[in-house]
Protein chains: 2
Amino acid sequence: MAESDYPKPSVTVDITIFAIKDNDLKVLLIKRSIEPFKNMWAIPGGFVRINESLEQAAKRELEEETGVKDVYLEQLFTFGDVERDPRGRVITVAYFALVNSEKIKLEAKTDVSEAKWFSVSKLPKLAFDHEKILQYALKRLRWKFEYTTVAFSLLPKKFTLTQLQKIYEIVFNKKFDKRNFRKKILSLSLIEKTKEKKKDVSHRPPQLYSFRRKIGDIVEII
Amino acid sequence: MAESDYPKPSVTVDITIFAIKDNDLKVLLIKRSIEPFKNMWAIPGGFVRINESLEQAAKRELEEETGVKDVYLEQLFTFGDVERDPRGRVITVAYFALVNSEKIKLEAKTDVSEAKWFSVSKLPKLAFDHEKILQYALKRLRWKFEYTTVAFSLLPKKFTLTQLQKIYEIVFNKKFDKRNFRKKILSLSLIEKTKEKKKDVSHRPPQLYSFRRKIGDIVEII
DNA sequence: CCAAAAGTGTTAGTGATACACCCATGT
DNA sequence: ACATGGGTGTATCACTAACACTTTTGG
């Protein structure tokens, strides 16, 4: 296992960035300004620098695109088919991120012509093998919502059970029974009542809850 | 996103190869014959060639090490910390494989000084970050046994329920209740009785079952 | 007839689902 | 007073877990 004398592939990271906006699950895409796939939409990404880890590269790209740090970020899969990039051998390590839509200020420093949020139910045709990457990310995202506490990373410190339920309904694109949902969540002992209720609502003021752990802590609940 | 002008990292694949042998879960390790980590044990692996996909690279390495094809192989995770290899920047795409111990003929063409099966409960100190990779592989392997039908890929076409149960007991390193295990397995409708019973056993001859799907078909049973 | 593993059922507890009405506030 | 979402309990069903004895063969 001596150092390789063969030509090396290039390595990129691509990040599927999800957010919940306008009661919908969105994904951030950029419009390519150069060939190949000029003017097509693509998942944001870029080359891994020689002195940064994969996760650092993903975080850097993410911050360049959305201006946010401290979001949920997870490695997804590495795509390395020989023909996946017409320019040559490019292996891409795919990540997915979940950002809090309130914190995003789009296009901080992007060098791309356009960046836009798309509903996952109305996606354009994508460059490279990005359609495959995105579908894979979506599947994993749903898995994470089902079996971990990622959902809480999208909520403010104090939140109502209805806010939480809304997020699940958007991600899974289906309605849940209010009573059963609450029973389930409360039985996990992950959250606790605060002493406050939400004010200035034109109906019965809902109880505010808080997550019992550090924000950003993701726990398996399998 | 033009072609990178920066120095490129090297890309390797490492494969954690599991097998059940001697009523124990084993993993194949090789003894390094050169620096760095000379004489330490390591997970087998090697450089990805410019004209082969990641999975092809993993299969090639696997066959070089064990002589087997057609085994269960799955991508695990990509490890890319800057300092993980003292020789320079090396990103490794980790895979795990599960081979049928009957089919293995060790060291087909390996260029390494020694290859050996280790019980997962008695592992030596490992080179690089391979301890981390191996523990990750083990966790995923158990997950796969719990939620998919990988176990069947280790059995002959016709097998007894006790054989199946043994495999689970070895992988999870714990005993299961015979009646509950059988009830559970049979309720999944994954296997069916054959017309045969196992012969030449010095006790009541057990029923032989067969998997209802193509061999190597892995199904989620979540 | 003895040793060895195969085969088989019941009960209790736990978690999931389906379902409808009253409550507290703002306007 | 009305509109709006908040909040709550019960019954059924499916799945899990604990547990012990009889059966069939070879030697």
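Naming: A, B, ... by sequence-line order, numbering from 1 per chain.
No donor-acceptor distance shorter than 3.5 angstrom exists from the side chain of B:Q135 to the backbone of B:K132, with no hydrogens or angles considered. With hydrogens and angles ignored, the 3.5 Å screen pairs a side-chain donor or acceptor of B:Q163 with a backbone N or O of B:T160.
Aromatic ring pairs are classed by plane angle as parallel below 30°, tilted from 30° to 60° and perpendicular above 60°; the pair A:F176 and A:F172 is perpendicular. Note: A:F152 and A:F211 have parallel aromatic rings, judged against thresholds of 30 and 60 degrees for the angle between ring planes. Aromatic ring pairs are classed by plane angle as parallel below 30°, tilted from 30° to 60° and perpendicular above 60°; the pair B:F77 and B:Y136 is tilted.
Within residues 143-156 of chain A, no residue has any heavy atom closer than 4.0 Å to DNA chain C. Of the residues in residues 173-192 of chain A, A:D177, A:R179, A:N180, A:K183, A:K184 come within less than 4.0 Å of DNA chain C through at least one heavy atom, sorted by number.
Among residues at least two apart or in separate chains, side-chain hydrogen bond (donor to acceptor under 3.5 Å, both in side chains) pairs with a member in residues 199-213 of chain A are A:E192-A:R212.
If you take CG of B:L164 and C1' of C:dA6, they are 15 Å apart, rounded to a whole angstrom. Distance A:E169 CD to D:dG5 C1': 13 Å, rounded to the nearest Å. Taking atom CG on A:L161 and atom P on D:dG5, their separation rounds to 17 Å, with Å as the unit.
The side chain of A:T162 places no N or O atom within less than 4.0 Å of a non-bridging phosphate oxygen (OP1 or OP2) of D:dG5.
For B:E196, the salt bridge (charged side-chain N to carboxylate O under 4.0 Å, His left out) test picks out B:K158, with sequence neighbours left out. For the side chain to side chain contact (heavy atoms under 4.5 Å, CB included) test, residues two or more places apart in sequence or in another chain that qualify with A:K166 are A:N23.
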side-chain contact (heavy atoms from CB on, under 4.5 Å) between B:W41 and B:E114, intermediate numbers included:
CA-CA 9 Å; B:W41 294 91; B:E114 204 181 341; 3.9 Å; yes
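Side-chain atoms of A:D81 and B:S53 form no donor-acceptor pair, as typed in the model, at a separation below 3.5 Å.
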Interface polar pairs with nucleotides 23-27 of chain C, N/O, under 3.5 angstrom:
{"from": "C:dC23", "atom 1": "O4'", "to": "A:R204", "atom 2": "NH1", "distance (Å)": "3.3"}
{"from": "C:dA24", "atom 1": "N3", "to": "A:R204", "atom 2": "N", "distance (Å)": "3.0"}

